[in-house]
Amino acid sequence: METPPFPKPESLEAALALQRALAQRVVLEGSLEGVRLLAALDASHKKGKPLVAVAVLYHLERGPLFVGRGKVPEEELFPYIPGLLSFREAPAYLEALRHLPEAPEALLVDGQGIAHPRGLGIASHLGVHLDLPSVGVAKSLLFGRPEAPLPQEAGSAVRLLSPQGQPLGYAYRSRTGVRPLFVSPGHRVGLEEALAFVRRLPTRFRLPEPLRLAHLEAGRALGALD
DNA sequence: GCGACAG
DNA sequence: ATCTTGTCGC
């Protein structure tokens with residue numbers, strides 16, 4: 001698929017300003033009910049090596065179809081700063097997506113959607129950048145708090161609220177006895193619809209299968225570097 | 001000033 | 001993200 005270039009911010013202030021501008025473009029409505037072809041994104045990095053990203057093209061009925069890879073040399077990497085993750089990882093994701101044989105109908109990203117201090121987690125940023133529906137699935141919390149204790153049963157969810165009480169997404173128990181995941185809409189999808197989409201994904205372990213495969217492939221690709 | 005803090 | 005052995009538990 002085609003992917004527009006992703007300019008590296010000149011400063012921290014420029015990055016924050018860009019986030020605030022792009023956050024205004026996020027659309028929080030839409031259903032992913034008809035989506036069958038998605039791309040799951042994850043990255044792996046180790047000091048002294050490039051950051052490696054993987055895009056797994058995944059069909060809900062046929063399973064994994066293709067793996068696209070991308071990397072960014074360590075010297076060119078934006079530093080990891082909580083809240084600015086997309087500036088570090090998105091360039092590698094875009095390169096990985098560029099290698100896919102066809103465009104996905106939606107993105108599933110390892111990280112936050114709108115559950116972010118400025119409403120633009122990496123899932124939202126990529127969604128707006130590519131004008132694609134997107135959903136964020138994070139393994140830990142960045143912003144917001146669950147409004148109630150999360151039941152232990154697989155499939156249970158409680159809303160994630162901002163400090164001002166606005167709903168941002170969900171704490172979600174994908175399997176009994178595992179730590180919660182944090183699901184939030186990225187772009188062109190509603191709050192509840194984002195959760196419904198994640199619930200529709202096959203989940204053998206804690207992570208939805210497409211993301212788990214992307215995670216495995218990213219680690220594999222990092223280790224296979226010369 | 002003191003914590004919190006995706007990957 | 002990664003560094004890391006054994007260990008607790010299903």
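Chain letters run A, B, ... following the sequence lines, proteins first and then strands; every chain starts at 1.
The nearest whole Å value for the distance from the CD1 atom in A:Ile122 to the P atom in B:dA6 is 13 Å. What separates CG of A:Leu85 from P of B:dA6 is a distance of 9 Å, to the nearest Å. Look at CG on A:Leu211: it is 13 Å from C1' on B:dG7, rounded to the nearest Å. For A:Lys139 and B:dC5, the NZ to C1' distance is 15 Å, given to the nearest whole Å. Separating the CD atom of A:Gln112 from the P atom of B:dC5 is a distance of 11 Å, rounded to the nearest angstrom. What separates CG of A:Leu142 from C1' of B:dA4 is a distance of 9 Å, to the nearest Å. Computed from coordinates, the A:His116 NE2 to B:dA4 C1' distance equals 14 Å when rounded to whole Å. Rounded to an integer number of Å, the gap from A:Phe78 CZ to B:dA6 P is 15 Å.
Distances from the side chain of A:Arg145 to the nucleotides B:dG7, B:dA4, B:dA6 place B:dA4 closest.
The stretch residues 155-183 of chain A does not touch DNA chain B, since none of its heavy atoms comes less than 4.0 Å from the strand.
With salt bridges taken as basic N to acidic carboxylate O contacts below 4.0 Å, one links A:Arg204 and A:Glu209. Ion pairing between a basic and an acidic side chain is recognised when a charged N comes within 4.0 Å of a carboxylate O; A:Arg36 and A:Glu105 show no such pairing. Contact check on A:Asp110 versus A:Lys139 returns a salt bridge, with a Lys/Arg side-chain nitrogen under 4.0 Å from an Asp/Glu carboxylate oxygen.
Side-chain N/O atoms of A:Ser140 include none lying less than 4.0 angstrom from OP1 or OP2 on B:dC5.
Base pairing in DNA chain C yields no stem of at least 3 consecutive Watson-Crick or G-U pairs with both distances under 3.5 Å.
A donor-acceptor contact shorter than 3.5 Å is absent between the side chain of A:Arg118 and the backbone of A:Gln19. Proximity of a side-chain donor or acceptor of A:Ser162 to a complementary backbone N or O of A:Gln166 within less than 3.5 Å is detected. Although no hydrogens or angles enter the test, the distance criterion places a donor-acceptor pair under 3.5 Å between the side chain of A:Lys8 and the main chain of A:Glu76. With A:Ser156 contributing its side chain and A:Pro151 its backbone, the two residues share a donor-acceptor pair below 3.5 Å.
Within the 4.0 angstrom heavy-atom criterion, only backbone atoms of the sugar-phosphate kind lie near A:Leu141; the bases stay farther away. Nucleic acid contact class of A:Leu41 (heavy atoms, under 4.0 Å, all strands): none. A:Lys47 comes within 4.0 angstrom of nothing in the nucleic acid, heavy atoms only. Among the atoms of the strands shown, only primed sugar atoms or phosphate atoms (P, OP1, OP2) are found under 4.0 Å from some heavy atom of A:His215.
The environment of A:Arg200 atom CZ is dense: over 12 non-hydrogen atoms of other residues, nucleotides or ligands sit within 6.0 angstrom. A:Glu147 CD: more than 12 foreign heavy atoms inside a 6.0 Å radius.
The nearest pair of heavy atoms linking A:Leu38 to A:Ala40 is CD1-N, 3.9 Å. For A:Val27 against A:His187, the heavy-atom pair with the smallest separation is N-ND1, 3.1 Å.
Taking the six-membered ring for Trp and thresholds of 30 and 60 degrees, A:Phe87 and A:His125 have ring planes more than 60 degrees apart, a perpendicular arrangement.
Between chain A and DNA chain C, the heavy-atom contact criterion of under 4.0 Å yields a 5' to 3' nucleotide range of C:dA1 to C:dC3.
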